[in-house]
Protein chains: 2
Amino acid sequence: MATITDVANLAGLSRSTVSRVMNNYPYVSEEKKRLVEEAMKKLNYYPNSSAQTLRSQKTDTIAVFIPMLTNPFFSYLLEGIDAVATENGFRLLVCQTRYDRKTERQFFNLVKSKQVDGIILTSIENDWSTVRDYMSYGPVVMCNEYDHESNTPNVRLDQVYGGYIGTRHLIDKGHKKIAFCQGSFRSFISKAREAGYRLAMKEAGLQIRDEYAFRIAADYHDGKEVLKKIAAMVERPTAIFTGSDQVAAGIVYEARHLGINVPEDLAVIGFDDQPIAEMTLPQLTTIRQPAHEIGERAMKLMLNLVLPEEDAPPMPEEPLKLEIIERSST
Amino acid sequence: MATITDVANLAGLSRSTVSRVMNNYPYVSEEKKRLVEEAMKKLNYYPNSSAQTLRSQKTDTIAVFIPMLTNPFFSYLLEGIDAVATENGFRLLVCQTRYDRKTERQFFNLVKSKQVDGIILTSIENDWSTVRDYMSYGPVVMCNEYDHESNTPNVRLDQVYGGYIGTRHLIDKGHKKIAFCQGSFRSFISKAREAGYRLAMKEAGLQIRDEYAFRIAADYHDGKEVLKKIAAMVERPTAIFTGSDQVAAGIVYEARHLGINVPEDLAVIGFDDQPIAEMTLPQLTTIRQPAHEIGERAMKLMLNLVLPEEDAPPMPEEPLKLEIIERSST
DNA sequence: TTGTATGCGTTATCAC
DNA sequence: GTGATAACGCATACAA
């Protein structure tokens with residue numbers, strides 16, 4: 001394993017000069033530059049990045065906290081984050097928290113130990129106070145998920161609006177008994193959407209029933225379970241607003257299985273507009289979330305925090321918006 | 001930012017002793033150990049990982065090459081890899097190659113620059129000779145994909161068998177005009193499955209037609225395109241073997257769109273048995289690949305290469321097998 | 001059981 | 001333009 005010293009020796013120059021060549025310093029004669037490059041090639045030299053990191057205090061690596069890698073929504077988020085990261089010479093350390101507070105806390109130590117320059121959170125399990133402690137060690141960017149107690153840099157959409165237009169759509173279709181289904185009672189996104197749901201219901205003078213609220217559905221399987229519970233109700237809702245297309249797909253699937261017609265017996269509205277939304281039968285009406293773009297922006301925001309202004313990518317001006325995509329499940 | 005020296009000073013001890021406490025060295029008196037721990041806590045000390053890395057030459061980080069993060073099959077693979085990594089205190093640097101040879105080559109430099117201890121490849125774009133150059137810098141493990149020119153440590157299944165049982169299943173259903181559809185003409189997995197397909201066809205004395213072979217379909221969208229091409233044929237195949245449930249789902253979707261009945265007009269068989277396989281209508285007959293387990297094993301294999309034997313997890317004995325899951329698309 | 005000294009590979013500062 | 005030297009923070013061989 002060749003080091004900079006080996007290169008310097010072979011080229012008959014000092015380590016400083018070699019270093020200067022590597023870092024494209026302005027004042028190096030063409031002659032020596034050539035010498036150094038030859039030596040590097042001959043030795044198949046590659047700089048040791050931990051030494052560089054130790055010296056420069058920069059890792060060019062960002063940690064991305066993801067609750068569940070197999071949830072497609074987060075894959076698209078990650079894909080967007082990755083696109084901007086790669087384009088700017090940054091690497092991604094992927095930290096799957098599995099919705100676990102302790103796991104999440106352990107990953108936070110990555111920034112304490114200077115293993116990453118910053119952290120992008122796509123979900124948050126611990127209380128804000130816990131997270132805040134880590135913020136003095138490096139920048140934290142919230143991506144999609146957020147915390148209203150905090151003023152952390154973040155990229156987010158108006159989720160109250162998302163809950164509102166979804167519910168509103170169902171109301172406009174004539175529904176009165178509308179159920180609401182979200183991923184986590186802890187998530188601020190879920191709370192915001194529920195607020196939008198309640199706003200629309202209230203505006204229309206409709207009753208909000210406790211038994212129509214499901215707050216623990218995150219994936220396809222959960223969706224099936226939700227439908228089973230609905231099927232068992234004496235007085236069933238005629239429509240349901242869900243927090244993800246995965247869940248909605250599970251509902252649609254199980255409904256067909258149990259002979260409940262969508263949308264006649266039960267209108268279903270999804271969230272995200274993932275590819276799965278058009279694979280179900282009937283296809284899902286859904287609220288489109290531009291996951292890739294959200295990820296891109298979060299990474300751009302991060303770069304603006306860790307890079308000198310002139311090197312950071314510009315932040316897009318236009319706000320990201322949720323929009324409803326009408327298909328046949330409503 | 002406190003360093004080990006700060007801790008040593010505060011505790012009134014030497015840096016060595018502090019280091020020993022951190023690394024759980026056997027011979028440290030309880031007394032000093034307590035002193036050190038107090039000082040660490042008081043200073044909110046956390047060891048600098050690049051310094052540790054530089055010193056120890058170990059990063060406890062593995063790079064995982066993934067062609068496309070949004071392809072669910074790879075999400076499950078990654079999830080399995082992550083499970084074992086986290087359990088053993090390792091981190092994952094995720095490298096999305098986007099099926100690009102140059103991007104892949106650049107990522108290989110991570111191991112050259114000692115930024116990771118090893119690399120897990122879930123796909124391979126460059127020629128074997130290119131990859132081999134990097135193997136002298138650190139262990140490379142092939143996960144699912146492989147290269148028959150190489151003897152790289154790998155985790156893989158009998159894909160010839162996969163192609164065989166899928167095709168055989170279609171033959172047993174009475175089909176004679178069977179199309180074949182795979183992701184990449186470069187992939188060894190694809191080639192192996194095609195070999196299995198050809199074996200089954202030949203065995204049954206059936207004709208293999210060039211126009212029935214599609215070798216560039218990787219996702220849902222590609223599946224739609226394949227179906228369109230089939231629909232335009234004068235003499236259509238009556239069945240199609242595909243390389244992924246994504247592609248199969250696209251075919252099924254587009255078939256319905258164009259009024260082609262599955263399985264009556266066209267039987268479709270997928271691969272992987274992802275959740276999507278039971279979301280389509282009709283549900284997909286498919287060849288189940290235990291993606292999570294494959295990922296787990298690949299990481300275990302990697303740990304056996306980078307860790308001393310006594311610290312590495314045991315390698316499961318039983319071979320991983322492909323099996324056919326019959327549903328209604330065939 | 002603990003301390004001293006050295007080096008991991010790089011870059012920045014300061015001379016020349 | 002180029003080179004010597006120190007420093008980044010830690011862990012280990014060796015001495016005590």
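All of these numbers come straight from a predicted model, not from anything done at the bench. Below, chains carry the letters A, B, ... as their sequence lines are ordered, and counting in each starts from 1.
Where B:Y27 and B:Q57 meet DNA chain C, the nucleotide closest to each residue was compared, and B:Y27 sits on the side nearer the 5' end. Each of B:S56 and B:T17 lies near DNA chain C, and the nucleotide nearest B:T17 is the one positioned closer to the 5' end.
A:N144 and A:T122 share no side-chain donor-acceptor pair at under 3.5 Å. No side-chain donor-acceptor contact under 3.5 Å links A:N109 and A:Y137. Side chains of A:S16 and A:S19: no donor on one and acceptor on the other come within 3.5 Å. Judged by distance alone, the side chains of B:S49 and A:Q115 do bring a donor and an acceptor atom under 3.5 Å apart.
Each of C:dT11, C:dT2, D:dG9 was ranked by its minimum atom distance to the side chain of B:N48; first place goes to D:dG9. Closest to the side chain of B:R20, from the set D:dG9, D:dA13, D:dT2, is D:dA13. Ranking C:dT10, C:dT2, D:dC10 by closeness to the A:T3 side chain, first place goes to C:dT10. Closest approach to the B:S16 side chain among D:dG9, C:dA5, D:dG3 is made by C:dA5 (side chain taken as heavy atoms from C-beta onward). Comparing atom distances between the A:I4 side chain and each of C:dT10, D:dA11, C:dT1 picks out C:dT10 as nearest. In the set C:dG9, C:dT13, D:dA11, the nucleotide with an atom closest to the side chain of A:L54 is C:dG9.
Counting only distance, with no hydrogens or angles, the side chain of B:D127 and the backbone of B:S129 share no donor-acceptor pair below 3.5 Å.
For D:dG9, the OP1/OP2 oxygens have no side-chain nitrogen or oxygen of B:Y46 closer than 4.0 Å. An OP1 or OP2 oxygen of D:dC8 is reached within less than 4.0 angstrom by no side-chain nitrogen or oxygen of A:Q52. Note on B:K32: every side-chain N or O is 4.0 Å or more away from OP1 and OP2 of C:dT1. In this structure, B:S14 reaches the C:dG3 phosphate: one of its side-chain N or O atoms is under 4.0 Å from OP1 or OP2. One finds a side-chain N or O of A:N23 lying less than 4.0 angstrom from the OP1 or OP2 phosphate oxygen of C:dT11. Proximity of B:Y25 to the phosphate of D:dA13: no side-chain N or O atom is located under 4.0 Å from OP1 or OP2.
What separates CE of B:M40 from P of D:dC10 is a distance of 11 Å, to the nearest Å. Between the C1' atom of D:dT12 and the CG atom of B:N24 lies a distance of 16 Å, rounded to the nearest Å. Here C:dC8 presents its P atom at 21 Å from CD of B:Q115, a figure rounded to the nearest Å. Distance, A:D6 CG to C:dG7 C1': 14 Å, rounded to whole Å. Summarising the geometry, the separation between CD on B:E31 and P on C:dT2 is reported as 9 Å, rounded to the nearest angstrom. Taking atom NZ on A:K114 and atom P on D:dG9, their separation rounds to 9 Å, with Å as the unit. Rounded to a whole Å, the CZ atom of B:R15 is 14 Å from the P atom of D:dT12. Rounded to whole angstrom, the span from the CG atom of B:L13 across to the C1' atom of C:dT4 amounts to 14 Å.
Residue-level contact check: B:S19 touches the bases, meaning some heavy atom is under 4.0 Å from a base atom. Among the heavy atoms of the strands lying under 4.0 Å from A:S29 are primed sugar atoms or P, OP1, OP2 only; no base atom is included. Heavy atoms of B:V18 sit nowhere under 4.0 angstrom from any nucleic acid atom.
A:D147 and A:R132 are not joined by a salt bridge, as no carboxylate oxygen comes within less than 4.0 angstrom of a charged side-chain nitrogen. For the pair A:E293 and A:R297, the salt-bridge criterion is not met [side-chain N within less than 4.0 Å of a carboxylate O].
With axes fitted over five pairs at each extremity, the angle between the ends of the helix from C:dT1-D:dA16 to C:dC16-D:dG1 is 40° (10° resolution).
Considering B:R105, B:K102, B:R186 in turn, B:R186 is the only one that fulfils the side chain to side chain donor-acceptor pair (under 3.5 Å) rule with B:E125. Of the residues A:Y99, A:F108, A:F74, the one that meets the ring pair (Phe, Tyr, Trp, His ring centres under 6.0 Å) test with A:F65 is A:F108.
Not a single donor-acceptor pair, N or O on each side, falls under 3.5 Å between the base of D:dG9 and the side chain of A:R55.
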